[in-house]
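Here the structure is a predicted model, which means the values were calculated and not measured. Read the numbers this way: they start at 1 and go in the same order the structure lists the ligands and their atoms.
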Amino acid sequence: MYLQKNNKNIEFLDPKKALELYELDIFTLGKIADSIRQDYFGKKVFFNSNRHINPTNACADICKFCGFSAHRKNPHSYTMDKGQVLKIARDSIQAGALELHIVGAHNPNLNLEWYLDLFRTLKAEFPEIHIKALTAAEVNFLSQLSGKTYEEVLRLMAENGVDSMPGGGAEIFDEEIRAFICKGKVDSTNWLKIHSLWHSLGKKSNATMLFGHIESREHRIDHLLRLYHTQEKSGGFNAFIPLVYQKENNFLKVENFPSGQEILKTIAISRILLPNIPHIKAYWATLGLNLALVAQEFGADDIDGTIQKEAIQSASGSKSANGILKNELVAQIKDAGFLPVERDSLYNEIRTYT
Ligand code: V47
């Protein structure tokens with residue numbers, strides 16, 4: 001067996017050894033990842049009822065891979081006022097959302113107090129709703145804008161109603177690739193520091209990796225191992241989400257896209273290298289529903305949720321703009337031979353669909 005006891009991944013802490021996993025054939029690799037996944041969760045596939053809200057796309061940064069923020073290829077800049085966000089929240093909660101996933105762009109016109117007031121207002125009206133909000137990149141931006149330390153910004157987020165942090169903004173930790181694809185964004189060390197600080201408040205978060213663009217397999221391994229080591233210390237990552245790069249409406253020139261096999265291998269290796277992060281999420285918005293379901297046989301155990309509206313990946317070509325109905329998600333998970341489990345944002349099980 002590849003894993004040591006107590007979730008320690010001693011064998012693969014050596015990046016060279018970890019990289020060799022890619023040389024295994026897809027079925028061998030899949031079997032190893034699947035055995036870990038089955039040990040942890042059997043046939044369960046987790047999903048949730050959520051709603052993505054993106055209050056603004058006006059961004060002070062230009063990330064080459066981003067088709068969401070307003071720029072030459074996406075000239076429609078918008079910024080919602082609080083009333084608009086509240087209306088979306090009301091409607092989506094009425095439609096069944098249990099989680100609001102609120103992330104946007106680095107907009108100098110929306111300061112920290114604007115967000116804190118929004119979270120406070122949402123929590124006052126909907127005390128039960130789970131607010132998953134602000135990526136580490138936004139925390140970094142709001143810290144610079146407000147002159148407050150990361151610790152202060154995070155404490156204020158927690159005090160004003162943010163329950164957990166999403167995993168966005170991690171991209172690829174390798175400094176050289178990062179400087180090319182998203183210069184000016186939070187650096188890797190600070191991305192990891194912000195999550196560790198959040199965890200030290202007793203809070204949970206997720207982690208992502210954007211792959212399938214100009215990075216190499218070595219860069220992915222480096223990314224995963226940095227997450228592994230951070231999690232060993234802080235312990236607050238709930239899920240790891242490998243995001244497949246979508247190519248439209250952005251400035252990143254990519255010629256070779258990963259094959260289905262390369263994507264599945266990357267998901268399987270994530271499961272093997274991150275035994276200390278409970279969940280591997282095959283985010284259907286970047287994989288497509290079919291591949292996200294196949295990924296459940298290659299180490300993933302989560303597929304994300306109903307989303308209702310999706311603006312970031314769909315801006316670059318994915319077919320996720322209108323989310324997916326819960327019944328449809330449940331039926332597809334069942335048809336793929338798994339047990340659909342609706343979870344809350346912290347992975348407490350709400351309902352199993354037998
Ligand atoms: O950080 C931007 C990515 C992320 C593209 O925590 C792109 O549960 C693919 O982090 N192709 C934001 N990806 C989304 C995100 C997320 C999504 C779902 C669930 C959770 C969670 C987090 O989207 C960004 C960036 O890495 N992204 N552009 C693109 N062209």
Identify the protein atoms, limited to N or O, that lie within less than 3.5 Å of an N or O atom of ligand 1, and list each pair with its distance to 0.1 Å.
unit_1: ligand 1; atom_1: 1 (O); unit_2: Gly169; atom_2: N; d: 2.7
unit_1: ligand 1; atom_1: 1 (O); unit_2: Glu171; atom_2: OE2; d: 3.2
unit_1: ligand 1; atom_1: 6 (O); unit_2: Gly167; atom_2: N; d: 2.8
unit_1: ligand 1; atom_1: 6 (O); unit_2: Asn206; atom_2: ND2; d: 3.2
unit_1: ligand 1; atom_1: 8 (O); unit_2: Lys132; atom_2: NZ; d: 2.6
unit_1: ligand 1; atom_1: 8 (O); unit_2: Asn206; atom_2: ND2; d: 2.9
unit_1: ligand 1; atom_1: 8 (O); unit_2: Lys281; atom_2: NZ; d: 2.8
unit_1: ligand 1; atom_1: 10 (O); unit_2: Gly168; atom_2: N; d: 3.3
unit_1: ligand 1; atom_1: 11 (N); unit_2: Gln246; atom_2: N; d: 2.8
unit_1: ligand 1; atom_1: 13 (N); unit_2: Gln313; atom_2: NE2; d: 2.9
unit_1: ligand 1; atom_1: 23 (O); unit_2: Gln313; atom_2: NE2; d: 3.0
unit_1: ligand 1; atom_1: 26 (O); unit_2: Glu171; atom_2: OE1; d: 2.4
unit_1: ligand 1; atom_1: 30 (N); unit_2: Phe65; atom_2: O; d: 2.8
unit_1: ligand 1; atom_1: 30 (N); unit_2: Gln246; atom_2: O; d: 2.8
unit_1: ligand 1; atom_1: 30 (N); unit_2: Ser316; atom_2: OG; d: 3.2

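Under the 3.5 Å distance criterion, with hydrogens and angles disregarded, no donor-acceptor pair is assigned to the side chains of Ser320 and Gln313.
Exactly one of Asn57, Asn109, Thr56 qualifies for a side chain to side chain donor-acceptor pair (under 3.5 Å) with Thr79. That residue is Thr56.
Applying the ring pair (Phe, Tyr, Trp, His ring centres under 6.0 Å) test to residues at least two apart or on different chains, none of the pairs has a partner in residues 287-313. Here side-chain hydrogen bond (donor to acceptor under 3.5 Å, both in side chains) pairs that include residues 331-342, with residues two or more places apart or in two chains, are Ser49-Glu342, Lys326-Glu342, Glu328-Gln332, Glu342-Tyr353.
Not counting sequence neighbours, the partners of Lys44 by the side chain to side chain donor-acceptor pair (under 3.5 Å) test are Glu349.
By the 30° and 60° cut-offs, the orientation of the rings of His52 relative to His101 is tilted.
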